[in-house]
Trainee: 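Sharing a structure here in structure tokens format.
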Number of protein chains: 2
Amino acid sequence: MADSRTPRSADGLGSSSPAPAVTRAAAVLDALAEAPSGRLTLSDLSRELGIPKSSTSNLLLALEEARLITREGADFSLGRKLVELGAAYLSRLDEVQEFYKFCEQAPTLSGETVRIAMIDGDHIIYLARYEGHPAVRLTSNIGDKMPLSLSAVGKVLLAQLHDHDIEEMFPDDVELPVMTPKSLRSAAELKSQVLAIRKQGYALEDEESTLGVVCLAVPVPTHGAHGPSLGLSVTALKATFSEEQAALMVKELKELAHSLGNPMG
Amino acid sequence: MADSRTPRSADGLGSSSPAPAVTRAAAVLDALAEAPSGRLTLSDLSRELGIPKSSTSNLLLALEEARLITREGADFSLGRKLVELGAAYLSRLDEVQEFYKFCEQAPTLSGETVRIAMIDGDHIIYLARYEGHPAVRLTSNIGDKMPLSLSAVGKVLLAQLHDHDIEEMFPDDVELPVMTPKSLRSAAELKSQVLAIRKQGYALEDEESTLGVVCLAVPVPTHGAHGPSLGLSVTALKATFSEEQAALMVKELKELAHSLGNPMG
DNA sequence: GGTATTTGTTCAGTGGATTGAACAAGCGTG
DNA sequence: CACGCTTGTTCAATCCACTGAACAAATACC
């Protein structure tokens with residue numbers, strides 16, 4: 001995806017880490033996750049990360065022993081243990097369990113495609129998905145990432161941040177990722193939407209990531225010191241999307257958000 | 001879960017690793033994943049893993065910087081990046097995509113709860129789940145682990161291993177995990193089932209992990225050097241379970257297994 | 001409140017992980 | 001086939017990450 005000639009800054013000289021081997025190991029995992037084919041050789045990794053071959057070899061051996069990666073001939077790829085660990089993370093989120101229960105019972109939402117997502121750096125990451133309507137199946141999966149500016153959940157979570165954080169992430173001259181002709185182009189446009197979202201209490205994505213598809217999202221109020229903020233979204237086909245339906249969905253989404261934000265809802 | 005007084009063998013003196021810091025970091029992740037609450041302090045980890053506090057501190061700093069863990073006050077827990085990495089692993093498995101498609105169209109399976117799993121050390125790990133029948137919702141999730149002897153998929157995948165591997169994993173005096181009165185108790189019992197499974201081509205789990213629930217499983221033939229073997233299973237309520245239905249489900253499971261084993265099915 | 005315990009951070013010395021060069025083995029090319 | 005090129009492993013010297021003890025700060029206990 002990125003220019004494979006450019007060595008990463010993950011390591012090398014730049015940042016000094018209290019445990020360099022760990023930082024480099026994490027960089028290896030990242031590189032494998034981002035590699036289009038998912039497989040890289042020792043030399044690939046050594047070159048791309050700027051780590052000497054002999055060191056890379058040691059890292060890979062240790063990672064393999066921990067089953068965080070797998071070797072297949074000369075190729076390395078991510079290991080199954082990562083699925084375990086990711087699942088362990090998700091299993092601790094009570095919100096996910098309640099999310100499913102609520103969706104099943106909600107009059108309108110129960111027939112729609114609903115997702116719960118979390119902010120993660122400059123992206124959002126989908127944590128769970130409820131599919132009431134098998135007619136519209138999303139291609140995105142649990143764990144997938146999405147730029148903030150391209151999704152309703154991203155925008156609604158962005159709107160919850162402080163202004164100076166937003167300014168830092170999206171300076172006026174930043175170039176936003178574009179996926180459709182309707183994707184937001186400028187930081188100014190994004191920021192004006194943020195203001196509107198704060199007033200409305202929900203965000204709308206109108207074919208900005210996929211043509212023909214619209215999305216509504218609301219934030220989950222963070223109750224106390226309980227980690228990063230969550231967001232909820234409904235996805236629908238633009239063709240079958242009406243104002244009244246939207247109002248109903250937003251109403252139910254807000255109910256769900258409220259019950260997630262206040263335990264024992 | 002385990003005796004928290006017992007320090008782990010993950011590190012300490014035993015095995016020398018080519019990159020100890022990485023091995024220890026992996027041990028930290030494991031410890032966090034297995035901790036009942038999912039949160040541990042620096043001292044907890046230092047004590048449990050037998051790593052000096054100062055070293056543990058460095059490890060945690062590096063892990064946090066890589067977002068593999070999160071700090072919340074004095075408590076550390078798994079980080080969101082692990083969900084990303086786990087998802088990246090799953091997204092590379094074409095089998096999962098095809099699994100969903102097939103289940104939707106299969107006459108019998110489309111109404112059942114079907115799962116695809118993979119062998120992972122001495123456990124199986126669930127990779128994906130199709131739920132045609134919201135009536136019976138499983139509590140287990142993607143990424144969850146299960147002992148081999150307690151699940152139909154586990155037994156069917158075990159049956160695919162060589163005899164000496166089985167003997168190594170289950171010596172005659174081994175104590176099997178028990179979850180219900182019907183769980184297998186002895187290695188001998190397990191091995192005799194393995195022989196039967198090899199003849200039949202499928203495995204049955206009869207309330208061995210959950211009372212009232214039965215499970216059927218078939219192996220996915222491994223096509224070439226493509227990693228570890230997969231297995232498929234259907235879960236049903238014992239109350240509504242008939243011989244004819246079982247025959248149909250095994251038939252469709254085998255079709256699915258065949259199409260997963262032979263690309264372009 | 002005073003004591004005792006535990007928790008997390010700081011820091012200089014040292015032992016072992018890291019490294020680069022040299023090696024052998026594989027791969028494509030002319 | 002001989003040649004260059006790349007790949008992954010080996011190994012001794014060096015440097016730096018790890019350590020343990022000593023510190024400060026918070027918590028538990030009586």
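Keep in mind the model is a prediction, meaning the values are calculated, not measured. Quick note on labels: first sequence line is chain A, next is B, and so on, each numbered from 1.
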Trainee: Just the atom pairs and distances: protein N or O near nucleotides 20-27 of chain C's N or O, under 3.5 Å.
Mentor:
{"unit_1": "dG20(C)", "atom_1": "N7", "unit_2": "Ser54(A)", "atom_2": "OG", "d": "3.1"}
{"unit_1": "dG20(C)", "atom_1": "O6", "unit_2": "Ser54(A)", "atom_2": "OG", "d": "3.2"}

Trainee: Taking only the side-chain heavy atoms of Ala19(A) (C-beta and beyond), determine which of dC18(D), dA17(C), dT9(D) contains the nearest atom.
Mentor: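 Ranking dC18(D), dA17(C), dT9(D) by closest atom to the Ala19(A) side chain puts dC18(D) first.
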Trainee: My understanding is that only residues two or more places apart in sequence, or in another chain, count here; which of them pass salt bridge (Lys or Arg N to Asp or Glu O under 4.0 Å) with Arg67(A)?
Mentor: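 Scan of Arg67(A) (salt bridge (Lys or Arg N to Asp or Glu O under 4.0 Å), adjacent residues dropped) gives Glu84(A), Asp120(B).
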Trainee: Report the residue (Phe76(A) or Thr56(B)) whose heavy-atom-nearest nucleotide on DNA chain D is the more 5′ of the two.
Mentor: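 On the 5' side of the pair lies Phe76(A).
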Trainee: Under the salt bridge (Lys or Arg N to Asp or Glu O under 4.0 Å) test, which residues partner Asp44(A), sequence neighbours left out?
Mentor: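 In terms of salt bridge (Lys or Arg N to Asp or Glu O under 4.0 Å), with neighbours along the sequence ignored, Asp44(A) is linked to Arg47(A).
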Trainee: Can you give each donor-acceptor pair under 3.5 Å made by side-chain atoms of residues 165-177 of chain A, sequence neighbours left out, with the distance rounded to 0.1 Å?
Mentor:
{"unit_1": "Glu167(A)", "atom_1": "OE1", "unit_2": "Lys191(A)", "atom_2": "NZ", "d": "3.2"}
{"unit_1": "Glu167(A)", "atom_1": "OE2", "unit_2": "Lys191(A)", "atom_2": "NZ", "d": "3.1"}
{"unit_1": "Asp172(A)", "atom_1": "OD1", "unit_2": "Lys191(A)", "atom_2": "NZ", "d": "2.9"}

Trainee: Going by the ring-ring contact (aromatic ring centres under 6.0 Å, His included) test, which pairs reach into residues 51-99 of chain B, not counting sequence neighbours?
Mentor: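 Residue pairs with at least one partner in residues 51-99 of chain B: there are none.
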Trainee: Compare the minimum distances between each of dT9(D), dT7(C), dT18(C) and the side chain of Ala21(A), then state the nucleotide with the smallest one.
Mentor: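 Given the options dT9(D), dT7(C), dT18(C), the side chain of Ala21(A) is closest to dT18(C).
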Trainee: Taking only the side-chain heavy atoms of Thr41(B) (C-beta and beyond), determine which of dG8(C), dT7(D), dA17(C) contains the nearest atom.
Mentor: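 Given the options dG8(C), dT7(D), dA17(C), the side chain of Thr41(B) is closest to dG8(C).
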Trainee: Output the single nucleotide from dG8(D), dT18(C), dG8(C) whose closest atom is nearest the side chain of Asn58(A).
Mentor: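 Closest of the options to the side chain of Asn58(A): dT18(C).
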Trainee: Going by the rule salt bridge (Lys or Arg N to Asp or Glu O under 4.0 Å), which residues pair with Asp75(A) if we only count those two or more places apart in sequence or in a different chain?
Mentor: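 Salt bridge (Lys or Arg N to Asp or Glu O under 4.0 Å) list for Asp75(A), sorted by chain: Arg39(A).
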Trainee: Choose from dA17(D), dT7(C), dT9(C) the nucleotide whose nearest atom is closest to any side-chain atom of Arg71(B).
Mentor: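 Minimum distance to the Arg71(B) side chain belongs to dT9(C).
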Trainee: Under 3.5 Å for both distances, Watson-Crick or G-U wobble, that's the pair rule; now give the dot-bracket for DNA chain C, with | marking pairs to another strand and [ ] for crossing ones.
Mentor: ||||||.||||||||||||||||.|||.||
Trainee: Would you please name every residue forming a side chain to side chain donor-acceptor pair (under 3.5 Å) with Thr56(B), sequence neighbours left out?
Mentor: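 By the side chain to side chain donor-acceptor pair (under 3.5 Å) rule, Thr56(B) matches no residue at all.
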Trainee: If you measure from the Lys or Arg side-chain nitrogens to the Asp or Glu carboxylate oxygens, is any gap between Arg198(A) and Asp163(A) under 4.0 Å?
Mentor: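 Asp163(A) and Arg198(A): salt-bridged.
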Trainee: Donor-acceptor pairs under 3.5 angstrom involving side-chain atoms of residues 149-157 of chain A: please list them, not counting sequence neighbours.
Mentor:
{"unit_1": "Ser151(A)", "atom_1": "OG", "unit_2": "Gly154(A)", "atom_2": "N", "d": "3.0"}
{"unit_1": "Lys155(A)", "atom_1": "NZ", "unit_2": "Gln193(A)", "atom_2": "OE1", "d": "2.8"}
{"unit_1": "Lys155(A)", "atom_1": "NZ", "unit_2": "Leu204(A)", "atom_2": "O", "d": "3.0"}
{"unit_1": "Lys155(A)", "atom_1": "NZ", "unit_2": "Glu208(A)", "atom_2": "OE1", "d": "2.8"}
{"unit_1": "Lys155(A)", "atom_1": "NZ", "unit_2": "Glu208(A)", "atom_2": "OE2", "d": "3.4"}

